[in-house]
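This report concerns only the one structure given below.
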Amino acid sequence: MAPAVDDHSLSRVPASARYPWWSVAVQRFGQVSALTQFMLGAALGFGLSFWDAFWALTFGALILEFAMILVGIIGMREGLSTSMLARWTGFGRGGSAVIGLAIGISLVGWFGIQSGISARGLHALIGGPPEWVWAIGFGLAVTAIVIAGFRSMAWTAYVTVPLFLALVAWSIISELSGHSLRALVSSPPPGPPMTVLQGTALVAGSLMVGAVITSDMTRFNRTAGDVIKQTVIGVTLGEYVIGLAGVLLAHAVGSSDIIAIVVSSVGLVGTLVIVAGTLKINDWNLYSAGLGLLTFIGVVSGRRPSRVAITALVGVAGTLLGAAGILDRFTDFLILLGVVFPPIAGIMIAEYFVVRRWRGRLAEGRDTGAAPASAPMWVPVTLVIWVVATLIGVFVTAGLGSVNSLVAAFVLYAACGRLGLITEIGASTTETVERARA
(Lines give C-alpha, C1' and ligand atoms only; values in the text may rest on other atoms or scores of the structure.)
Protein backbone atom coordinates (compact mmCIF):
# COMPACT_ATOMS: atom_id res chain seq x y z
CA MET A 1 0.00 0.00 0.00
CA ALA A 2 1.30 3.46 -0.82
CA PRO A 3 2.78 5.20 2.20
CA ALA A 4 0.80 8.39 1.50
CA VAL A 5 -2.40 6.40 2.05
CA ASP A 6 -1.12 4.24 4.90
CA ASP A 7 0.29 7.36 6.64
CA HIS A 8 2.93 5.39 8.58
CA SER A 9 0.16 3.92 10.69
CA LEU A 10 2.37 1.25 12.33
CA SER A 11 5.80 2.83 11.91
CA ARG A 12 7.61 6.06 12.73
CA VAL A 13 6.97 9.17 10.67
CA PRO A 14 10.35 9.90 9.01
CA ALA A 15 11.90 13.38 8.98
CA SER A 16 11.06 13.73 5.29
CA ALA A 17 7.34 13.42 6.08
CA ARG A 18 7.26 16.01 8.89
CA TYR A 19 5.44 19.34 8.46
CA PRO A 20 6.12 22.96 9.51
CA TRP A 21 4.59 23.77 12.89
CA TRP A 22 2.00 26.15 11.46
CA SER A 23 0.64 23.42 9.19
CA VAL A 24 -0.04 21.15 12.15
CA ALA A 25 -1.12 24.15 14.27
CA VAL A 26 -3.94 24.94 11.85
CA GLN A 27 -5.29 21.46 12.39
CA ARG A 28 -4.84 21.72 16.17
CA PHE A 29 -6.76 24.99 16.19
CA GLY A 30 -9.34 23.34 13.97
CA GLN A 31 -9.86 20.69 16.65
CA VAL A 32 -10.30 23.21 19.45
CA SER A 33 -12.40 25.74 17.55
CA ALA A 34 -15.04 23.33 16.31
CA LEU A 35 -18.79 23.78 16.56
CA THR A 36 -18.78 21.54 19.64
CA GLN A 37 -16.64 24.21 21.33
CA PHE A 38 -19.38 26.68 20.45
CA MET A 39 -21.86 24.26 22.02
CA LEU A 40 -19.66 23.93 25.10
CA GLY A 41 -19.44 27.72 25.47
CA ALA A 42 -23.22 28.00 25.15
CA ALA A 43 -23.69 25.26 27.77
CA LEU A 44 -21.36 27.14 30.13
CA GLY A 45 -23.08 30.46 29.44
CA PHE A 46 -26.47 28.92 30.10
CA GLY A 47 -25.42 27.91 33.62
CA LEU A 48 -22.62 30.35 34.54
CA SER A 49 -22.01 34.08 34.58
CA PHE A 50 -19.56 35.38 31.98
CA TRP A 51 -16.62 35.60 34.40
CA ASP A 52 -17.33 32.22 35.99
CA ALA A 53 -17.39 30.75 32.48
CA PHE A 54 -14.10 32.54 31.75
CA TRP A 55 -12.43 30.86 34.72
CA ALA A 56 -13.92 27.47 33.83
CA LEU A 57 -12.47 27.79 30.33
CA THR A 58 -9.11 28.95 31.74
CA PHE A 59 -8.73 26.10 34.23
CA GLY A 60 -9.91 23.54 31.68
CA ALA A 61 -7.46 24.87 29.08
CA LEU A 62 -4.52 24.63 31.50
CA ILE A 63 -5.34 20.99 32.26
CA LEU A 64 -5.59 20.17 28.58
CA GLU A 65 -2.43 22.03 27.60
CA PHE A 66 -0.38 20.24 30.29
CA ALA A 67 -1.43 16.81 29.02
CA MET A 68 -1.26 17.76 25.33
CA ILE A 69 2.23 19.22 25.50
CA LEU A 70 3.83 16.31 27.36
CA VAL A 71 2.11 13.56 25.37
CA GLY A 72 2.71 15.59 22.21
CA ILE A 73 6.45 15.83 22.83
CA ILE A 74 6.60 12.05 23.26
CA GLY A 75 4.86 11.62 19.91
CA MET A 76 7.13 14.13 18.20
CA ARG A 77 10.29 12.47 19.50
CA GLU A 78 9.25 8.94 18.64
CA GLY A 79 7.16 9.59 15.51
CA LEU A 80 4.56 7.01 16.57
CA SER A 81 0.80 7.18 17.06
CA THR A 82 -0.65 7.08 20.58
CA SER A 83 -1.90 3.50 20.36
CA MET A 84 1.51 2.34 19.10
CA LEU A 85 3.44 4.38 21.67
CA ALA A 86 1.39 2.85 24.47
CA ARG A 87 3.22 -0.45 23.93
CA TRP A 88 6.46 1.08 25.27
CA THR A 89 4.98 3.71 27.63
CA GLY A 90 3.56 1.46 30.30
CA PHE A 91 0.81 -0.60 28.69
CA GLY A 92 2.45 -3.32 26.61
CA ARG A 93 1.03 -4.72 23.40
CA GLY A 94 -2.08 -6.13 25.05
CA GLY A 95 -2.74 -2.92 26.97
CA SER A 96 -2.21 -0.84 23.84
CA ALA A 97 -4.91 -2.90 22.16
CA VAL A 98 -7.29 -2.02 24.99
CA ILE A 99 -6.37 1.66 24.61
CA GLY A 100 -6.79 1.44 20.85
CA LEU A 101 -10.25 -0.03 21.32
CA ALA A 102 -11.18 2.64 23.90
CA ILE A 103 -9.92 5.44 21.65
CA GLY A 104 -11.69 3.97 18.66
CA ILE A 105 -15.02 3.64 20.46
CA SER A 106 -14.86 7.12 21.99
CA LEU A 107 -13.90 8.82 18.75
CA VAL A 108 -16.54 6.94 16.81
CA GLY A 109 -18.89 8.50 19.36
CA TRP A 110 -17.40 11.94 18.72
CA PHE A 111 -17.68 11.35 14.99
CA GLY A 112 -21.35 10.53 15.45
CA ILE A 113 -21.89 13.62 17.62
CA GLN A 114 -20.32 15.90 15.02
CA SER A 115 -22.28 14.28 12.21
CA GLY A 116 -25.43 14.76 14.28
CA ILE A 117 -24.62 18.46 14.79
CA SER A 118 -24.24 18.94 11.05
CA ALA A 119 -27.40 17.00 10.32
CA ARG A 120 -29.48 18.96 12.83
CA GLY A 121 -28.21 22.29 11.57
CA LEU A 122 -28.54 21.48 7.89
CA HIS A 123 -32.07 20.17 8.39
CA ALA A 124 -33.06 23.27 10.40
CA LEU A 125 -31.61 25.66 7.84
CA ILE A 126 -32.40 23.93 4.55
CA GLY A 127 -35.06 21.36 5.35
CA GLY A 128 -35.38 18.65 2.74
CA PRO A 129 -34.62 15.10 3.85
CA PRO A 130 -34.78 14.07 7.54
CA GLU A 131 -31.82 14.59 9.86
CA TRP A 132 -30.58 11.01 9.57
CA VAL A 133 -30.15 11.39 5.81
CA TRP A 134 -28.07 14.54 6.28
CA ALA A 135 -25.98 12.71 8.92
CA ILE A 136 -25.24 9.87 6.53
CA GLY A 137 -24.27 12.19 3.68
CA PHE A 138 -21.97 14.28 5.86
CA GLY A 139 -20.36 11.27 7.53
CA LEU A 140 -19.53 9.58 4.24
CA ALA A 141 -18.04 12.80 2.83
CA VAL A 142 -15.67 13.10 5.81
CA THR A 143 -14.76 9.43 5.49
CA ALA A 144 -13.60 10.02 1.92
CA ILE A 145 -11.32 12.88 3.06
CA VAL A 146 -9.73 10.80 5.83
CA ILE A 147 -9.11 7.80 3.59
CA ALA A 148 -6.88 10.08 1.49
CA GLY A 149 -4.63 10.68 4.53
CA PHE A 150 -2.89 13.48 6.44
CA ARG A 151 -2.18 15.69 3.43
CA SER A 152 -5.85 15.72 2.43
CA MET A 153 -6.81 16.61 6.00
CA ALA A 154 -4.26 19.44 6.07
CA TRP A 155 -5.77 21.03 2.97
CA THR A 156 -9.23 20.63 4.44
CA ALA A 157 -8.10 22.59 7.51
CA TYR A 158 -6.51 25.32 5.36
CA VAL A 159 -9.90 25.95 3.75
CA THR A 160 -12.34 25.35 6.60
CA VAL A 161 -10.56 27.03 9.56
CA PRO A 162 -10.50 30.58 8.11
CA LEU A 163 -13.98 30.08 6.64
CA PHE A 164 -15.36 28.98 9.99
CA LEU A 165 -13.76 31.89 11.86
CA ALA A 166 -15.10 34.45 9.38
CA LEU A 167 -18.59 33.02 9.57
CA VAL A 168 -18.50 32.78 13.37
CA ALA A 169 -17.48 36.45 13.52
CA TRP A 170 -20.45 37.29 11.29
CA SER A 171 -22.76 35.26 13.50
CA ILE A 172 -21.53 36.94 16.67
CA ILE A 173 -21.74 40.46 15.27
CA SER A 174 -25.21 39.84 13.83
CA GLU A 175 -26.61 38.53 17.10
CA LEU A 176 -24.80 40.76 19.59
CA SER A 177 -25.24 44.03 17.69
CA GLY A 178 -28.61 44.53 19.38
CA HIS A 179 -27.27 43.91 22.89
CA SER A 180 -25.07 45.79 25.31
CA LEU A 181 -21.82 43.90 25.80
CA ARG A 182 -21.50 45.29 29.33
CA ALA A 183 -24.99 44.07 30.18
CA LEU A 184 -24.26 40.58 28.80
CA VAL A 185 -21.02 40.30 30.75
CA SER A 186 -22.72 41.28 34.00
CA SER A 187 -25.98 39.36 33.45
CA PRO A 188 -26.84 36.24 35.46
CA PRO A 189 -26.95 32.87 33.66
CA PRO A 190 -30.31 32.28 31.95
CA GLY A 191 -30.53 28.59 32.84
CA PRO A 192 -30.10 26.28 35.84
CA PRO A 193 -26.87 27.29 37.62
CA MET A 194 -23.71 25.19 37.65
CA THR A 195 -20.46 25.65 39.57
CA VAL A 196 -17.10 26.70 38.13
CA LEU A 197 -15.80 23.26 39.05
CA GLN A 198 -18.55 21.59 37.03
CA GLY A 199 -17.82 23.92 34.14
CA THR A 200 -14.11 23.14 34.30
CA ALA A 201 -14.93 19.42 34.22
CA LEU A 202 -16.96 19.93 31.04
CA VAL A 203 -14.12 21.90 29.41
CA ALA A 204 -11.47 19.32 30.32
CA GLY A 205 -13.73 16.45 29.28
CA SER A 206 -14.47 18.05 25.93
CA LEU A 207 -10.89 17.57 24.68
CA MET A 208 -9.37 15.00 27.03
CA VAL A 209 -9.49 12.31 24.38
CA GLY A 210 -7.79 14.83 22.10
CA ALA A 211 -5.03 15.20 24.69
CA VAL A 212 -4.50 11.45 24.86
CA ILE A 213 -4.35 11.08 21.06
CA THR A 214 -2.12 14.13 20.61
CA SER A 215 0.71 11.90 19.36
CA ASP A 216 -1.36 11.00 16.31
CA MET A 217 -0.93 14.63 15.25
CA THR A 218 2.41 15.66 16.77
CA ARG A 219 4.27 12.73 15.23
CA PHE A 220 4.24 14.97 12.13
CA ASN A 221 5.97 17.81 14.04
CA ARG A 222 9.69 18.56 13.82
CA THR A 223 10.61 19.91 17.28
CA ALA A 224 9.33 20.08 20.85
CA GLY A 225 9.08 23.86 20.46
CA ASP A 226 6.67 23.33 17.58
CA VAL A 227 4.48 21.15 19.80
CA ILE A 228 4.42 23.78 22.55
CA LYS A 229 3.67 26.68 20.20
CA GLN A 230 0.83 25.00 18.37
CA THR A 231 -0.73 23.68 21.59
CA VAL A 232 -0.66 26.95 23.53
CA ILE A 233 -1.86 29.02 20.59
CA GLY A 234 -4.47 26.54 19.38
CA VAL A 235 -6.00 25.68 22.75
CA THR A 236 -5.92 29.22 24.15
CA LEU A 237 -7.49 30.82 21.08
CA GLY A 238 -9.98 28.01 20.68
CA GLU A 239 -11.19 28.17 24.27
CA TYR A 240 -11.37 31.95 24.51
CA VAL A 241 -12.45 32.98 21.01
CA ILE A 242 -14.99 30.26 20.34
CA GLY A 243 -15.87 29.31 23.93
CA LEU A 244 -16.48 32.85 25.19
CA ALA A 245 -18.41 33.69 22.03
CA GLY A 246 -20.72 30.80 22.86
CA VAL A 247 -21.09 32.13 26.42
CA LEU A 248 -22.12 35.59 25.22
CA LEU A 249 -24.54 34.20 22.66
CA ALA A 250 -26.18 31.99 25.27
CA HIS A 251 -26.67 35.04 27.50
CA ALA A 252 -28.02 37.07 24.59
CA VAL A 253 -30.46 34.46 23.30
CA GLY A 254 -31.24 32.78 26.64
CA SER A 255 -30.60 29.34 25.18
CA SER A 256 -27.85 26.73 25.02
CA ASP A 257 -29.06 25.47 21.63
CA ILE A 258 -26.25 26.61 19.37
CA ILE A 259 -28.10 25.52 16.24
CA ALA A 260 -31.01 27.79 17.15
CA ILE A 261 -28.55 30.62 17.79
CA VAL A 262 -26.89 30.20 14.40
CA VAL A 263 -30.24 30.00 12.63
CA SER A 264 -31.53 33.14 14.34
CA SER A 265 -28.38 35.15 13.65
CA VAL A 266 -27.23 34.39 10.12
CA GLY A 267 -29.93 32.21 8.59
CA LEU A 268 -28.92 30.34 5.46
CA VAL A 269 -25.25 31.35 5.80
CA GLY A 270 -25.34 29.27 8.98
CA THR A 271 -25.16 26.24 6.73
CA LEU A 272 -21.55 27.08 5.96
CA VAL A 273 -20.81 27.74 9.64
CA ILE A 274 -22.07 24.29 10.57
CA VAL A 275 -20.39 22.44 7.73
CA ALA A 276 -17.03 24.19 8.16
CA GLY A 277 -17.16 23.93 11.94
CA THR A 278 -17.71 20.18 12.02
CA LEU A 279 -15.76 19.11 8.95
CA LYS A 280 -12.44 20.35 10.29
CA ILE A 281 -12.61 18.33 13.50
CA ASN A 282 -14.53 15.27 12.37
CA ASP A 283 -11.76 14.21 10.02
CA TRP A 284 -9.40 13.96 13.02
CA ASN A 285 -11.97 12.07 15.06
CA LEU A 286 -12.16 9.49 12.31
CA TYR A 287 -8.41 9.45 11.60
CA SER A 288 -7.44 8.71 15.22
CA ALA A 289 -10.32 6.27 15.68
CA GLY A 290 -8.97 4.34 12.71
CA LEU A 291 -5.41 4.32 14.10
CA GLY A 292 -6.64 3.10 17.49
CA LEU A 293 -8.73 0.29 16.05
CA LEU A 294 -5.92 -0.57 13.64
CA THR A 295 -3.73 -1.34 16.66
CA PHE A 296 -6.49 -3.31 18.38
CA ILE A 297 -7.29 -5.45 15.36
CA GLY A 298 -3.60 -5.99 14.61
CA VAL A 299 -2.97 -7.31 18.13
CA VAL A 300 -6.06 -9.51 18.22
CA SER A 301 -5.68 -10.94 14.71
CA GLY A 302 -1.89 -11.01 14.50
CA ARG A 303 -2.08 -9.39 11.07
CA ARG A 304 -1.53 -5.91 9.73
CA PRO A 305 -4.94 -4.59 8.64
CA SER A 306 -5.48 -1.93 6.00
CA ARG A 307 -5.84 1.62 7.32
CA VAL A 308 -8.15 2.46 4.42
CA ALA A 309 -10.45 -0.49 5.14
CA ILE A 310 -10.55 0.23 8.88
CA THR A 311 -11.20 3.93 8.25
CA ALA A 312 -14.06 3.10 5.91
CA LEU A 313 -15.68 0.72 8.43
CA VAL A 314 -15.27 3.18 11.31
CA GLY A 315 -16.63 6.00 9.17
CA VAL A 316 -19.76 4.00 8.40
CA ALA A 317 -20.22 3.09 12.09
CA GLY A 318 -19.84 6.72 13.21
CA THR A 319 -22.19 7.87 10.48
CA LEU A 320 -24.86 5.45 11.69
CA LEU A 321 -24.41 6.71 15.28
CA GLY A 322 -24.91 10.26 14.08
CA ALA A 323 -28.05 9.22 12.24
CA ALA A 324 -29.28 7.44 15.39
CA GLY A 325 -29.06 10.62 17.52
CA ILE A 326 -26.02 10.17 19.80
CA LEU A 327 -25.88 14.00 20.03
CA ASP A 328 -28.64 13.88 22.66
CA ARG A 329 -26.16 12.31 25.15
CA PHE A 330 -23.51 15.02 24.60
CA THR A 331 -22.98 16.23 28.20
CA ASP A 332 -22.99 12.75 29.75
CA PHE A 333 -20.48 11.66 27.12
CA LEU A 334 -18.09 14.50 28.02
CA ILE A 335 -18.26 13.75 31.74
CA LEU A 336 -17.43 10.07 31.13
CA LEU A 337 -14.47 10.89 28.89
CA GLY A 338 -13.21 13.36 31.48
CA VAL A 339 -12.33 10.61 33.97
CA VAL A 340 -11.60 7.52 31.83
CA PHE A 341 -8.91 8.97 29.55
CA PRO A 342 -6.73 11.21 31.77
CA PRO A 343 -5.10 8.17 33.48
CA ILE A 344 -3.78 7.03 30.10
CA ALA A 345 -1.94 10.32 29.66
CA GLY A 346 -0.73 10.23 33.29
CA ILE A 347 0.73 6.74 32.88
CA MET A 348 2.40 7.52 29.54
CA ILE A 349 3.99 10.70 30.94
CA ALA A 350 5.18 8.94 34.10
CA GLU A 351 6.74 6.05 32.16
CA TYR A 352 8.44 8.13 29.48
CA PHE A 353 9.83 10.93 31.64
CA VAL A 354 10.19 9.38 35.13
CA VAL A 355 10.23 5.56 35.29
CA ARG A 356 11.78 5.01 31.81
CA ARG A 357 11.36 1.23 32.03
CA TRP A 358 11.20 0.80 28.23
CA ARG A 359 12.94 3.95 26.96
CA GLY A 360 15.92 1.95 25.76
CA ARG A 361 13.78 -0.45 23.78
CA LEU A 362 11.71 2.42 22.37
CA ALA A 363 14.89 3.92 20.92
CA GLU A 364 15.33 0.89 18.67
CA GLY A 365 14.57 1.53 15.03
CA ARG A 366 14.80 5.32 15.09
CA ASP A 367 17.56 5.29 12.47
CA THR A 368 15.57 3.10 10.09
CA GLY A 369 12.14 4.62 10.76
CA ALA A 370 10.71 1.34 12.01
CA ALA A 371 8.98 0.68 15.32
CA PRO A 372 11.01 -1.28 17.91
CA ALA A 373 11.27 -4.95 17.02
CA SER A 374 9.56 -6.19 20.18
CA ALA A 375 7.33 -4.99 22.99
CA PRO A 376 6.11 -6.31 26.34
CA MET A 377 2.88 -8.24 25.96
CA TRP A 378 1.17 -7.28 29.23
CA VAL A 379 1.99 -4.97 32.14
CA PRO A 380 -0.67 -5.97 34.71
CA VAL A 381 0.13 -3.25 37.26
CA THR A 382 -0.55 -0.58 34.65
CA LEU A 383 -4.07 -1.85 33.99
CA VAL A 384 -4.79 -1.91 37.72
CA ILE A 385 -3.52 1.68 38.03
CA TRP A 386 -5.75 2.74 35.12
CA VAL A 387 -8.82 1.29 36.81
CA VAL A 388 -7.96 2.68 40.25
CA ALA A 389 -7.22 6.16 38.89
CA THR A 390 -10.50 6.16 36.95
CA LEU A 391 -12.43 5.20 40.10
CA ILE A 392 -10.68 8.01 41.98
CA GLY A 393 -11.82 10.41 39.28
CA VAL A 394 -15.40 9.17 39.56
CA PHE A 395 -15.85 8.86 43.33
CA VAL A 396 -13.53 11.41 44.94
CA THR A 397 -15.69 14.51 45.25
CA ALA A 398 -12.96 16.93 46.33
CA GLY A 399 -11.30 18.71 43.44
CA LEU A 400 -11.81 17.96 39.76
CA GLY A 401 -12.39 14.42 38.51
CA SER A 402 -10.22 14.70 35.39
CA VAL A 403 -7.30 16.19 37.33
CA ASN A 404 -7.70 13.70 40.16
CA SER A 405 -7.58 10.73 37.80
CA LEU A 406 -4.61 12.08 35.80
CA VAL A 407 -2.54 12.93 38.89
CA ALA A 408 -3.48 9.66 40.62
CA ALA A 409 -2.32 7.64 37.61
CA PHE A 410 0.95 9.58 37.38
CA VAL A 411 1.73 9.24 41.10
CA LEU A 412 0.71 5.58 41.34
CA TYR A 413 2.74 4.59 38.29
CA ALA A 414 5.81 6.56 39.42
CA ALA A 415 5.55 5.00 42.91
CA CYS A 416 5.19 1.49 41.50
CA GLY A 417 8.16 2.13 39.25
CA ARG A 418 10.19 3.23 42.26
CA LEU A 419 9.22 0.02 44.08
CA GLY A 420 10.13 -2.15 41.09
CA LEU A 421 6.55 -3.31 40.52
CA ILE A 422 6.36 -2.34 36.84
CA THR A 423 7.13 -5.69 35.24
CA GLU A 424 6.08 -7.26 31.97
CA ILE A 425 4.50 -10.63 31.30
CA GLY A 426 5.46 -12.09 27.96
CA ALA A 427 6.86 -10.38 24.90
CA SER A 428 5.62 -9.88 21.38
CA THR A 429 7.16 -9.18 18.01
CA THR A 430 6.04 -5.97 16.38
CA GLU A 431 4.13 -6.35 13.14
CA THR A 432 6.04 -5.82 9.94
CA VAL A 433 6.19 -2.10 9.36
CA GLU A 434 7.18 0.04 6.44
CA ARG A 435 10.70 1.36 6.30
CA ALA A 436 11.29 5.09 6.26
CA ARG A 437 11.67 6.50 2.78
CA ALA A 438 13.99 9.25 1.86
Side-chain angles (χ1 to χ4, degrees), residues 24-72 110 113-114 117 157 160-162 164-165 167-169 171-172 176 184-185 189 194-214 217 227-251 256 258 261 273 276-278 280-281 284-285 330-331 334-335 337-338 341-342 345 400-403 406:
V24 186
V26 171
Q27 299 187 68
R28 168 64 74 204
F29 182 63
Q31 280 189 321
V32 186
S33 62
L35 201 61
T36 44
Q37 194 66 21
F38 229 165
M39 290 177 61
L40 176 64
L44 294 175
F46 198 58
L48 292 170
S49 68
F50 175 85
W51 287 111
D52 283 346
F54 171 87
W55 288 115
L57 287 166
T58 299
F59 296 145
L62 290 173
I63 296 168
L64 292 168
E65 287 175 1
F66 172 80
M68 283 182 175
I69 287 173
L70 292 180
V71 175
W110 268 119
I113 285 173
Q114 295 285 356
I117 291 171
T160 56
V161 168
F164 177 71
L165 292 177
L167 293 169
V168 163
S171 174
I172 294 169
L176 298 184
L184 291 177
V185 170
M194 71 170 68
T195 66
V196 173
L197 204 59
Q198 289 172 325
T200 303
L202 288 179
V203 175
S206 69
L207 275 177
M208 190 51 73
V209 179
V212 172
I213 62 170
T214 290
M217 182 181 292
V227 174
I228 295 171
K229 284 185 293 187
Q230 74 192 33
T231 302
V232 172
I233 293 173
V235 173
T236 302
L237 289 178
E239 297 293 353
Y240 288 139
V241 174
I242 307 302
L244 289 179
V247 171
L248 290 174
L249 289 174
H251 279 230
S256 61
I258 201 67
I261 293 172
V273 177
T278 53
K280 65 192 178 60
I281 186 174
W284 269 103
N285 289 333
F330 178 70
T331 301
L334 291 186
I335 293 172
L337 297 183
F341 279 87
L400 191 63
S402 56
V403 176
L406 188 151

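Just the heavy atoms: all of them, side chains too, but no hydrogens, waters or symmetry mates, feed the values below.
- Nearest approach of Ala42 to Ala250, heavy atoms of both residues: O-CB, 3.4 Å.
- Of all heavy-atom pairs spanning Leu57 and Val203, the tightest one is CD2-CG2, 3.9 Å.
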Identify every side-chain donor-acceptor pair in residues 43-54 under 3.5 Å, counting partners at least two apart or on other chains, and give the distances.
| residue | atom | partner | partner atom | Å |
| --- | --- | --- | --- | --- |
| Ser49 | OG | Asp52 | N | 3.3 |
| Ser49 | OG | Asp52 | OD2 | 3.4 |

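- Contact annotation: the side chain of Thr214 approaches that of Arg28 to within less than 4.5 Å [non-hydrogen atoms, C-beta and beyond].
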Residues 235-248, side-chain donor-acceptor partners within the protein, below 3.5 Å, at least two apart:
| residue | atom | partner | partner atom | Å |
| --- | --- | --- | --- | --- |
| Thr236 | OG1 | Glu65 | OE2 | 3.0 |
| Thr236 | OG1 | Val232 | O | 2.6 |
| Glu239 | OE1 | Gln37 | NE2 | 2.4 |
| Tyr240 | OH | Thr58 | OG1 | 2.5 |

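- Residues Ile63 and Leu400 form a side-chain contact, since some pair of their non-hydrogen atoms from C-beta on lies under 4.5 Å apart.
- Of the residues listed (Leu406, Val212, Ile213), the one engaging Phe341 in a side chain to side chain contact (heavy atoms under 4.5 Å, CB included) is Val212, and it is the only one.
- The two residues Leu64 and Ala204 come nearest to each other via the heavy atoms CD2-O, 3.4 Å.
- Here CD of Gln230 is found 10.0 Å from CE of Met68. Values are rounded to the nearest 0.5 Å.
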